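What follows is a single structure, written as structure tokens, with notes after it.
Given the structure is predicted, the values throughout are model-derived calculations rather than measurements.
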Amino acid sequence: MARHPRQEGVGEKVKARTTFGVLRFATAAVCLGALTHRLFWGLSSQTIAGRNFFAYLTVESNCALVVLLIIGGILAFRRDDDPRWFSVALSLVLTWTTTAGLAFALIVWQAGLRGIRVDVPWSDQLLHFWLPAFTALAWTLTPGHRAVPWWIIPGSLVFPLVWGGVTMWRGPLIGWYPYYFLDLRQVSGIGEFLITSALALAIFALVATVLAVISRVSPSRKQVSQISSWHRKAQRIPVM
């Protein structure tokens, strides 16, 4: 018996969702492996930075990414599309991981200019560069992802501001900051601190804006309403 073209379209979407569900689980496993390696690599250095592994914004946001990817993998197997809350949550986490990667690249570059050696293990490369890029690309191509609201742009600043407030309060107590530009002893003064912090927040907002735009124009997003309509109609079409 021949299958109706609309039924074939639904079947292709289900197959694609299953594929991306597997990719979400695999990416979560890779991210967790990178976090584990980075933890023990830092602890082996016997420094205060290694003992404060979970103080880094990169680490906290990637821990959240692991949780969301596992949830997203389950959703991909069980639903034809992602619920809006998941798309919003993933876009926020991607904003944080991507911006953290850009900031890390800037730190490494500036350290090189100052003649300061910065060791970058493979786990850091994955967490700061490859995983954010791959996850963002996969998110835009996954069938069934939702468009995210524009309020994610100011919303993406909440976590960095809270994290920054806690870091600035905690820094003087332990004598250490996860990023040098937050330490007034390592910058030229309050002016450089404020300018650098404002620039970081602007990058968070810019990345969130790009993700919001992409969520509306990506090919997989455009196909969601069409295939969902086919699915509803296919349920009423008898197989010939």
Side-chain angles (χ1 to χ4, degrees), residues 7-39 56-102 104-105 120-149 152 156 159 204 207-228 230-231:
Q7 291 177 315
E8 293 179 356
V10 173
E12 291 175 359
K13 181 187 176 184
V14 171
K15 184 183 297 184
R17 289 279 294 175
T18 300
T19 300
F20 278 97
V22 172
L23 284 176
R24 285 174 173 176
F25 285 133
T27 306
V30 171
C31 188
L32 184 59
L35 285 168
T36 303
H37 176 271
R38 183 60 179 81
L39 170 61
Y56 287 95
L57 186 144
T58 300
V59 171
E60 295 178 7
S61 57
N62 273 283
C63 286
L65 180 61
V66 170
V67 174
L68 279 179
L69 287 174
I70 293 174
I71 295 174
I74 296 172
L75 290 172
F77 278 96
R78 301 185 63 178
R79 290 174 55 109
D80 291 335
D81 51 22
D82 293 327
R84 190 171 300 278
W85 67 262
F86 176 79
S87 292
V88 170
L90 187 55
S91 65
L92 288 173
V93 171
L94 285 176
T95 297
W96 304 330
T97 57
T98 302
T99 305
L102 294 173
F104 183 75
V120 184
W122 65 264
S123 51
D124 262 340
Q125 296 180 34
L126 275 176
L127 294 172
H128 288 97
F129 308 129
W130 297 108
L131 280 172
F134 175 79
T135 308
L137 177 62
W139 176 63
T140 63
L141 297 177
T142 301
H145 83 261
R146 301 295 188 94
V148 297
I152 72 161
S156 67
F159 171 60
F204 277 109
V207 172
T209 301
V210 172
L211 290 176
V213 171
I214 290 176
S215 74
R216 287 167 162 74
V217 301
S218 65
S220 60
R221 167 61 189 163
K222 292 179 180 180
Q223 295 172 0
V224 171
S225 58
Q226 180 181 15
I227 296 180
S228 296
W230 287 356
H231 184 270

Practice item. Heavy atoms only: give me the nearest I152-V148 pair and the separation to one decimal. Key: CD1-CG2, 3.7 Å

Practice item. Determine yes or no for a side-chain-to-main-chain donor-acceptor pair under 3.5 angstrom, with R84 supplying the side chain and A147 the backbone. Key: yes

Check your understanding: Do any N or O atoms from the side chain of T97 and from the backbone of L94 form a donor-acceptor pair under 3.5 angstrom?
Key -> yes

Check your understanding: Yes or no on side chain to side chain contact (heavy atoms under 4.5 Å, CB included) for C63 and L35, after CA distance, side-chain angles and deciding distance?
Key -> CA-CA 8 Å; C63 286; L35 285 168; 4.0 Å; yes

Practice item. Please round to the nearest 0.5 Å and tell me the distance separating atom CG of L102 and atom CZ of F129. Key: 8.5 Å

Practice item. Determine the minimum heavy-atom distance between F20 and P143, stating which atoms define it. Key: CD1-CD, 3.7 Å

Exercise for review: Drop me the distance from T142's OG1 to L75's CG, to the nearest 0.5 angstrom.
Suggested key: 11.5 Å

**Study point:** Whether over 12 other heavy atoms sit under 6.0 Å from W122 CH2
**Key:** yes

Point to revise | Taking every non-hydrogen atom, the tightest pair across T95 and S156 | key: CG2-CB, 3.8 Å

Exercise for review: State, yes or no, whether a side-chain contact exists between W96 and V207 at a heavy-atom distance under 4.5 Å.
Suggested key: no

Check your understanding: Is S61 reaching over with its side chain to a backbone N or O of T58, donor-acceptor style, under 3.5 angstrom?
Key -> yes

Check your understanding: Okay, side chain of R24, backbone of I70: is any donor-acceptor separation there less than 3.5 Å?
Key -> no

Study note, to complete from the structure: Interatomic distance, SG@C31 vs CZ@F134, rounded to 0.5 Å, equals 12.0 Å

Check your understanding: Would L92 and F159 satisfy side chain to side chain contact (heavy atoms under 4.5 Å, CB included), going step by step from the backbone distance to the final call?
Key -> CA-CA 9 Å; L92 288 173; F159 171 60; over 6 Å; no

Review point. Just how far is it from atom CG of L23 to atom OG1 of T135, taken to the nearest 0.5 Å?
Key: 10.0 Å

Check your understanding: What heavy-atom pair brings D124 and F104 nearest, and what distance separates the two atoms?
Key -> OD2-CZ, 4.2 Å

Exercise for review: Please step through side chain to side chain contact (heavy atoms under 4.5 Å, CB included) for the pair D82 and R17, ending with a clear verdict.
Suggested key: CA-CA 10 Å; D82 293 327; R17 289 279 294 175; 3.1 Å; yes

Revision key, fill the gap. When every non-hydrogen atom of H37 is compared with those of S123, the smallest separation belongs to ND1-OG, 2.8 Å

Revision key, fill the gap. Rounded to the nearest 0.5 Å, the CG atom of L90 sits from the CH2 atom of W85 at a distance of 10.0 Å

Exercise for review: Go through N62 and V66 one step at a time and tell me if the side chain to side chain contact (heavy atoms under 4.5 Å, CB included) criterion holds.
Suggested key: CA-CA 6 Å; N62 273 283; V66 170; 5.8 Å; no

Point to revise | Nearest heavy-atom neighbours spanning R146 and R79 | key: NH2-NH2, 4.2 Å

